[in-house]
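Some notes on the structure that comes next.
The sequence lines fix the lettering, A, B, ..., with proteins before strands; numbering per chain opens at 1.
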Amino acid sequence: MKYNPEQIETKWQKVWAEEKTFIVPNAEPGAGLKGKGADATYVLEMFPYPSGSAHMGHVKNYTMGDVIARFRRHQGQRVLHPMGYDAFGLNSENVAIKTGEPPGKFTEEAIATINRQLRRLGVAIDWSREVVTCRPEYYKWTQWLFLQFYKKGLAYKKEAPVNWCPSCQTVLANEQVIEGACERCDSLVAAKKLTQWFFRITDYAERLLRDFDKLESWPERVVTMQRNWIGKSTGADVVFAIPLVRGDRGDAPVPGATVNVTVFTTRPDTLFGATFFVLAPEHPLVEDLVRGQEREQEVMLYVAKAMGTSAIERASIEKEKTGIFTGRYAVNPVTGGKIPIFVADYVLMEYGTGAIMAVPAHDERDFAFAQKYGLEVVEVISTPAEFKDESGRLTSAYAGDGVLVNSGHFNGLSKAEAIVKVTEWLRDQGKADFAVNYKLRDWLLSRQRYWGAPIPILYCDKCGEVPVPEDQLPVLLPEITDYAPKGMSPLAAAEQWVNTTCPQCGGPARRESDTMDTFVDSSWYFLRYASPWRSDVAFDREAVDYWLPVDQYIGGVEHAILHLMYSRFFTKVLYDLGLVGFEEPFKNLFTQGMIYHKGAKMSKSKGNVVSPDEMVAKYGADSVRSYVLFMGPAESDAEWNDQGIEGIYRFLGRVWRQVTEAVDEGIVGPSAPGGRPADVAFDQETPTAAERAVLVKTSQVVQKATVDVGQRFRFNTALAAIMELNNDIAAARTAGLARNEAGRAVLRHALETTVRLLEPFAPHMGAELWQLMGYGAIWDEPWPQPDPRFLALETVEMAVQINGKVRDRVEVAKDAPTRDVLAQAKSLPGVAKYLEGKTLVKEVVVPGRLVNLVVR
RNA sequence: GCGGGUGUGGCGGAAUGGCAGACGCGCAUGCCUUAGGAGCAUGUGUCUUUGACGUGGAGGUUCGAGUCCUCUCACCCGCACCA
């Protein structure tokens with residue numbers, strides 16, 4: 001019987017669908033369950049964005065999750081392994097703009113395609129829990145969650161300079177801007193001042209940092225990336241006074257009157273060296289300071305120019321810093337000295353207060369600026385000579401440690417001491433306080449696009465901003481005909497939909513026409529899986545308590561910040577709202593590497609796409625699944641190799657042949673003697689050396705595969721071990737192990753074990769061979785256990801080294817005493833000749849491994 | 001610039017401080033076959049081959065280093081004027 005993957009795979013896929021094999025009910029309601037079920041495991045892969053069809057990256061992602069899910073089921077866990085679609089978003093909308101067809105149509109077609117592909121891959125998914133974010137039964141609850149955030153003051157509207165993508169015709173979150181360009185289309189992002197909706201994620205900055213401790217296993221680099229993104233720095237807020245001058249407020253300034261500006265600094269210890277002051281071009285104070293003053297025109301011209309410069313250009317570090325003197329001065333709060341105020345584009349309005357104190361001696365950027373504009377440089381931290389020229393002038397800024405100098409009564413303090421002392425001193429005068437600053441900005445969630453969940457807010461002339469009452473949810477997307485963006489959401493043009501009545505006063509009201517960022521949809525989908533059928537709540541609390549948090553989350557590293565941080569934020573808010581009982585949604589995270597082909601990421605434009613459908617048609621799902629995991633460590637990027645899958649296909653063919661032949665020979669299968677496979681224990685008194693070798697190999701491979709799959713996620717080495725086992729079985733059969741009953745029993749055990757270990761990777765072949773062996777549902781079998789009696793061979797071959805070089809080998813009993821091993825080793829002819837006439841200095845014996853004799 | 005990572009045969013990759021190159025691909029030779037992008041067997045790091053050398057490079061620790069430490073080079077990823 002030839003291995004025919006197509007035939008057996010469709011056969012078993014049908015069985016799994018008809019028998020609802022992988023549909024896992026929730027625990028009985030009210031079964032007294034509180035909290036996570038001891039037998040509950042939640043394995044989740046990031047759900048796909050349905051843009052056409054699944055690619056090899058998806059195949060790898062979902063296969064990996066499937067292997068883990070099937071493995072844990074074998075270990076006796078109830079496994080929640082659901083699937084859904086992140087179905088709102090620009091891709092479908094752009095198709096709609098081109099074709100004029102509703103985006104939902106394209107989306108549903110893509111979903112049907114990916115659905116079919118995943119089923120054809122044999123992924124063990126509970127399809128009864130499918131979640132699709134663009135369907136009203138889902139986005140109703142996205143809107144409901146928005147309203148909960150809104151009620152808590154965590155969703156708010158404000159006017160702010162935002163990132164505008166001129167091509168996508170919508171605003172973007174900070175996280176979606178990569179090097180000044182739109183992450184979707186690479187267009188240069190422009191700064192635009194607009195009124196937009198935000199989530200107050202900055203309120204959670206500290207907890208997002210702190211709760212990394214609550215995670216079990218996340219890749220270090222993902223944590224680091226989030227940490228950097230949140231960008232916490234500690235220091236002080238320091239108030240600088242700017243004396244008013246003639247023309248500021250009426251014509252006669254009150255003597256001593258000032259306007260105060262706060263700056264954030266991480267280096268309050270260097271305050272004595274603050275020789276100038278800089279405002280960002282966008283800083284509102286700039287206009288006030290120069291109004292009616294001599295330099296007004298010049299400064300405002302500079303401001304206009306700076307604001308017209310693209311974000312990338314401005315951010316480019318190579319670019320020379322520019323700036324302009326305002327003609328005004330600020331008072332250094334520690335020295336009382338007047339320092340000039342500049343406007344410069346190296347100061348960013350988005351960070352801190354948009355104003356800085358400049359300490360050129362100890363800050364590289366300030367130093368460069370001071371050099372260019374001939375500003376004073378005062379050393380206040382003792383600086384090593386390498387940073388100075390012969391005359392003792394600083395040649396570059398020194399940011400390192402040192403002792404304070406030129407700093408009045410703080411002289412002699414260390415940097416760390418001074419940071420505290422200077423801040424305290426100023427705090428007592430009301431001029432400073434300790435402060436923490438974050439790089440993280442609030443999450444801009446509104447989008448001027450059609451294909452998203454409408455923001456459930458109304459604007460009434462009388463009542464103002466009014467949330468849509470919960471019982472009126474969902475706010476359905478209206479059907480429209482023109483999807484093209486025009487700088488406003490296409491929804492704004494749907495007059496019938498936009499114009500509505502105010503639920504509070506009954507008067508006319510207009511709907512918010514912006515929709516939500518799709519990352520809102522994906523920030524809670526993992527909760528919906530617990531009870532997607534509930535139409536009365538977003539999720540069933542008891543079911544969520546039972547299944548969540550997610551035990552193993554798997555996806556691409558490209559979501560390290562966006563999706564993963566937003567989901568963490570959502571979970572914390574829901575925790576604060578009392579809606580869930582945990583603060584971190586994903587206990588363990590695994591980020592898989594990408595699959596490349598011909599040296600590049602697969603993409604249609606490069607023409608280097610390997611189609612999963614074609615590969616499945618040619619080699620079968622089992623081969624494709626096994627190959628994507630055999631390519632290399634799952635977390636590494638890997639290059640697709642057509643000959644590689646060929647090799648795996650041949651391997652599966654060899655297993656197939658090996659087992660079917662054994663069935664024909666009556667070694668395994670209904671006609672073979674023996675009981676249930678799980679009971680096979682090997683009770684022959686003394687196996688022969690050949691039998692023992694196979695038994696030992698089997699147990700060792702069970703042990704390795706269990707650790708590799710269950711703990712290390714090293715599927716490639718697990719498969720390699722199974723290949724070794726299969727090779728050894730083949731060799732043993734060739735050598736005549738099947739000659740007698742004992743040998744046949746050993747072979748039977750080894751073959752059955754091979755099939756069971758291979759089954760998570762190649763579930764169809766596993767099911768088919770298991771059936772041919774006369775057994776039932778392999779997916780419900782317990783995972784094989786190694787037999788402790790057969791974890792090591794009776795004798796081991798040890799290397800014998802002289803001075804670290806292998807000179808001979810010795811065969812000894814596995815637990816031979818060191819003394820005997822040494823004696824045997826020394827008597828070896830290949831060793832004795834090196835010992836002759838030398839002094840033995842040291843003897844090292846590593847049991848079971850090697851002997852090292854050090855001679856001189 | 002800062003942070004993180006990776007460098008091992010012709011290729012993908014294995015190796016709790018203990019015999020470097022498991023497993024797979026490719027290649028070679030032979031067998032089988034009407035045929036082979038099938039199967040089987042054997043071999044396959046390099047070299048000046050009784051042996052020596054080999055994990056990007058240079059040092060170090062150790063009886064012993066791909067693995068630990070120091071320096072260095074190359075490449076990749078993330079952040080990037082963050083005060």
Problem set entry | Charged N-O contact under 4.0 Å between A/E206 and A/K232 | yes
Protein-nucleotides 39-48 of chain B N/O pairs closer than 3.5 Å?
residue : atom : partner : partner atom : Å
B/rG39  : O3'  : A/R657  : NH2          : 3.4

Exercise. Between B/rC73 and B/rG24, how far is it from one P atom to the other, in whole Å?
Worked result: 40 Å
Exercise. What interatomic distance, in whole Å, is found between P of B/rU50 and the corresponding atom of B/rA38?
Worked result: 39 Å
Exercise. Contact class for A/R441 vs. all strands (heavy atom < 4.0 Å): base, sugar-phosphate, or nothing?
Worked result: nothing
For this session: Could you measure between the two P atoms, the one in B/rA65 and the one in B/rG56, and give it in whole Å?
Result: 15 Å
Problem set entry | A/L562 CG - B/rG78 C1' separation (whole Å) | 13 Å
Problem set entry | Exercise: do A/S233 and A/Y438 side chains pair donor with acceptor under 3.5 Å | no
Exercise. Can you tell me how far C1' of B/rG3 sits from NZ of A/K439, to the nearest Å?
Worked result: 11 Å
For this session: Would you mind listing every salt bridge (Lys or Arg N to Asp or Glu O under 4.0 Å) that reaches into residues 636-657 of chain A, with sequence neighbours excluded?
Result: none
Exercise. Atom CE of A/M594 to atom C1' of B/rG78: distance rounded to whole Å?
Worked result: 13 Å
For this session: Starting from P on B/rG24, measure out to CG on A/L652 and report it in whole angstrom.
Result: 13 Å
Seminar exercise, completed: Applying the 3.5 Å cut-off to both distances, the Watson-Crick or G-U partner of B/rA22 turns out to be none
Exercise. Touch check for A/E646, heavy atoms < 4.0 angstrom, all strands: base, sugar-phosphate only, or nothing?
Worked result: base
Exercise. Taking atom C1' in both B/rG54 and B/rG7, what distance in whole Å separates the two?
Worked result: 16 Å
Exercise. Hey, is A/E724 close enough to A/K697 for a salt bridge, meaning N to O under 4.0 Å?
Worked result: yes
Seminar exercise, completed: Readout for nucleotides 13-20 of chain B: B = base within 4.0 Å of protein heavy atom, S = sugar-phosphate only, - = neither; 5' to 3' it is SSSB-BB-
Exercise. Using the ring of each side chain (for Trp, its six-membered ring), is A/W443 parallel, tilted or perpendicular to A/Y566, with breaks at 30° and 60°?
Worked result: parallel
Exercise. With both distances under 3.5 Å as the test, what is the Watson-Crick or G-U wobble partner of B/rC71?
Worked result: B/rG57
Seminar exercise, completed: In whole angstroms, the gap separating C1' of B/rG12 from CD1 of A/I645 amounts to 14 Å
Exercise. Touch check for A/N727, heavy atoms < 4.0 angstrom, all strands: base, sugar-phosphate only, or nothing?
Worked result: sugar-phosphate
Exercise. What is the distance from CE of A/M723 to P of B/rG12, rounded to the nearest Å?
Worked result: 17 Å
Seminar exercise, completed: In whole angstroms, the gap separating C1' of B/rC23 from CG of A/N641 amounts to 15 Å
Exercise. P atom, B/rC11 versus B/rG78: distance in rounded Å?
Worked result: 26 Å
For this session: Using a cut-off of strictly less than 4.0 Å between a heavy atom of the residue and any atom of RNA chain B, enumerate the qualifying residues of residues 224-234 of chain A by number.
Result: A/T224, A/M225, A/S233
Problem set entry | Distance-only side-chain donor-acceptor flag, A/T754 / A/N726, under 3.5 Å | no
Exercise. Between A/T353 and A/N803, which has a closest nucleotide on RNA chain B that is more 5'?
Worked result: A/N803
Exercise. Looking only at atom P, what distance separates B/rC68 and B/rA28, rounded to whole Å?
Worked result: 39 Å
Exercise. Which pair of heavy atoms, one from A/P281 and one from A/V347, lies closest together, and at what distance?
Worked result: CD-O, 3.8 Å
Problem set entry | Interatomic distance where CD1 belongs to A/I648 and P belongs to B/rG26 [whole Å] | 12 Å
Seminar exercise, completed: The side chain to side chain contact (heavy atoms under 4.5 Å, CB included) partners of A/T275 (sequence neighbours excluded) come to A/P360, A/E376, A/V378
Seminar exercise, completed: Re B/rC2: Watson-Crick or G-U wobble partner, both distances kept under 3.5 Å, found to be B/rG78
For this session: Can you tell me the pairing partner of B/rA52 across any strand shown, Watson-Crick or G-U wobble, with both distances under 3.5 angstrom?
Result: B/rU46
Exercise. When you compare B/rU16 with B/rG64, how far apart are their C1' atoms, in angstrom units rounded to a whole number?
Worked result: 16 Å
Exercise. Do the ring planes of A/Y627 and A/W640 sit parallel (below 30°), tilted (30 to 60°) or perpendicular (above 60°)?
Worked result: perpendicular
Problem set entry | Pair A/Y346, A/D366: side-chain N/O donor-acceptor within cut-off below 3.5 Å | yes
Exercise. Quick check: does any side chain N or O of A/D808 sit under 3.5 Å from a backbone N or O of A/L828, one acting as donor and the other as acceptor?
Worked result: no
Seminar exercise, completed: side chain to side chain contact (heavy atoms under 4.5 Å, CB included) filter on A/V420, not counting sequence neighbours, yields A/E424, A/F434
Exercise. Across all strands shown, which nucleotide pairs with B/rU29 by Watson-Crick or G-U wobble geometry, both distances under 3.5 Å?
Worked result: B/rA41
Problem set entry | Identified pairing partner of B/rG9, criterion: Watson-Crick or G-U wobble below 3.5 Å | none
For this session: Could you measure between the two P atoms, the one in B/rG43 and the one in B/rU49, and give it in whole Å?
Result: 23 Å
For this session: Identify whether the glycosidic angle of B/rG5 places it syn (within 90° of 0) or anti.
Result: anti
Exercise. Between A/T202 and A/D442, do the side chains contain an N or O donor and an N or O acceptor separated by less than 3.5 Å?
Worked result: yes
Exercise. Judged by atom type as modelled, is there a donor-acceptor pair below 3.5 Å linking the side chain of A/H597 to the main-chain atoms of A/M602?
Worked result: no
